[in-house]
Amino acid sequence: MKFKNLGVVALLMMALVACQKEPAKPIVSGEIWPDNEGVHVNAHGGGVLYHNGTYYWYGEHKSEKTSSALVGVMCYSSKNLTDWKNEGAVLKVVDDENSDIVRGCVLERPKVIYNEKTGKFVMWFHLELKGKGYSAARAGVAVSDSPTGPFEFIRSGRVNPGKTPVNMDEAALAAMDSLNLEDYKEWWTPEWYKAIDKGLFVKRDLEGGQMSRDMTLYVDDDGKAYHIFSSEDNLTLNIAELSDDYLSHTGKYARMAPAGHNEAPAIFKKDGKYWMITSGCTGWAPNEARMHSATDIMGPWTKHPNPCVGPNKDLTFGGQSTYILKVPGKKDAFIFMADIWRPKHPIDARYIWLPIQFQEDGTPFVEWMDSWTMDWFDQK
Ligand code: DGJ
């Protein structure tokens, strides 16, 4: 071969190497997930936003000994969902004892969505006031011009004061109105469950606003956003429409699975159908996941069996749902995200990320995989 041809071959080889994609890195649920500084990602109860080619993972910062917020909401960025750069605390707790987000409050399950109309990044989270256990049951909201913050805290409070759910008709509202708290002092009796179902706690909280704890956000195809949260002492989920700027509630909301005791809502939509995966309510201990579907986000919702498949499926593989990410650019690619809590050593809590699979009739399921890569979505 002539010297000149050798040069061409070498150039071609170099171009080929340059074009070759770096192999996708494995996702190993339950292990330590080091960030760009080699430190385990500290973003629990979180969610992922995809914006302009970058993924942003927001979650609760957890400390060595307490689950209370000593730092705030963390953000990590990535181009491939496996290499994460620590972007720091994007909503910081403060030292002002008069602030709702004073250091030592409980700040859980933050989620961030982007508002196309305002160009702002909007964060909602579950907030409990410092020193008051889980009694405040508030939703907090913060806003930023940039996905990596800083987020400015706007306010916190109960949700939709004075508003009744859209899925309670006049007869149901009249039935609710006839209920009296004094008649149901004993909890967990069959009569009490019936009264909860009929709206005993909706009525109790009507004036001050509905309770709001575990939560997620969802932006629909038409740009409308929804805040989905555990309400009524975690007995009933609320699906509440957000205003056009995503910074407040419109007053339109539906109750979902009343008296069903659901936490940890995570939602996605495929082929016009909404699917919601939730957990039961057992504190930091894992329990069996639940799944519901609907063709209208405001319901009615239909219950399905536990979507988990594989070892430890009855305990959600040891985790609790937090978010479902639609992977852009790949067909029907959704990632189920969950937290393995470590209440005695909160900072060491781990993550479960698994691809969502679909049965022939379109019903989703989540099968345990010891290890998988993003390429799985291209090969299925
Ligand atoms: C379960 C919830 O899902 C978590 O976010 C947290 O609030 C714990 N309960 C607290 O026990």
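Both counts, for ligands and for their atoms, begin at 1 and track the order of listing.
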Quiz item: Among E108, H126, E263, which one has a heavy atom closest to atom 6 (C) of ligand 1?
Solution: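 Looking at heavy atoms only, the winner is E108.
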
Could you verify whether a donor N or O on one side chain and an acceptor N or O on the other, from [X] and [Y], lie under 3.5 Å apart?
{"X": "N287", "Y": "T282", "result": "yes"}
{"X": "N42", "Y": "H44", "result": "yes"}
{"X": "S230", "Y": "E263", "result": "no"}
{"X": "K79", "Y": "T54", "result": "yes"}

Quiz item: Are the aromatic rings of F358 and W275 close, with centres under 6.0 Å apart?
Solution: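 Here the rings of W275 and F358 have centres that are no less than 6.0 Å from each other.
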
Exercise. May I ask you to list the atoms of ligand 1 that are less than 4.0 angstrom from any heavy atom of G283?
Key: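 Counting from 1, the qualifying ligand atoms are 1 (C), 9 (N), 11 (O).
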
Quiz item: Considering only heavy atoms, does R109 approach ligand 1 within less than 4.0 Å through its side chain, its backbone, both, or neither?
Solution: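 Side chain only.
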
Quiz item: Is it the side chain, the backbone, both or neither of R213 that has a heavy atom closer than 4.0 Å to ligand 1?
Solution: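 Answer for R213: neither.
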
Quiz item: Between L217 and M215, is any pair of side-chain heavy atoms under 4.5 Å apart?
Solution: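 With C-beta onward as the side chain, the pair touches.
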
Exercise. Give the residue and atom name of whichever protein heavy atom lies nearest to atom 3 (O) of ligand 1, and the separation in Å to one decimal.
Key: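 Answer, as residue, atom name and distance: D214 OD2, 2.4 Å.
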
Quiz prompt | ligand 1 to E60 polar contact by distance, N or O atoms, under 3.5 Å | solution =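 By distance alone, the answer is no.
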
Quiz prompt | W341, any N or O under 3.5 Å of ligand 1 N or O | solution =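 Between W341 and ligand 1, no N or O pair is found under 3.5 Å apart.
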
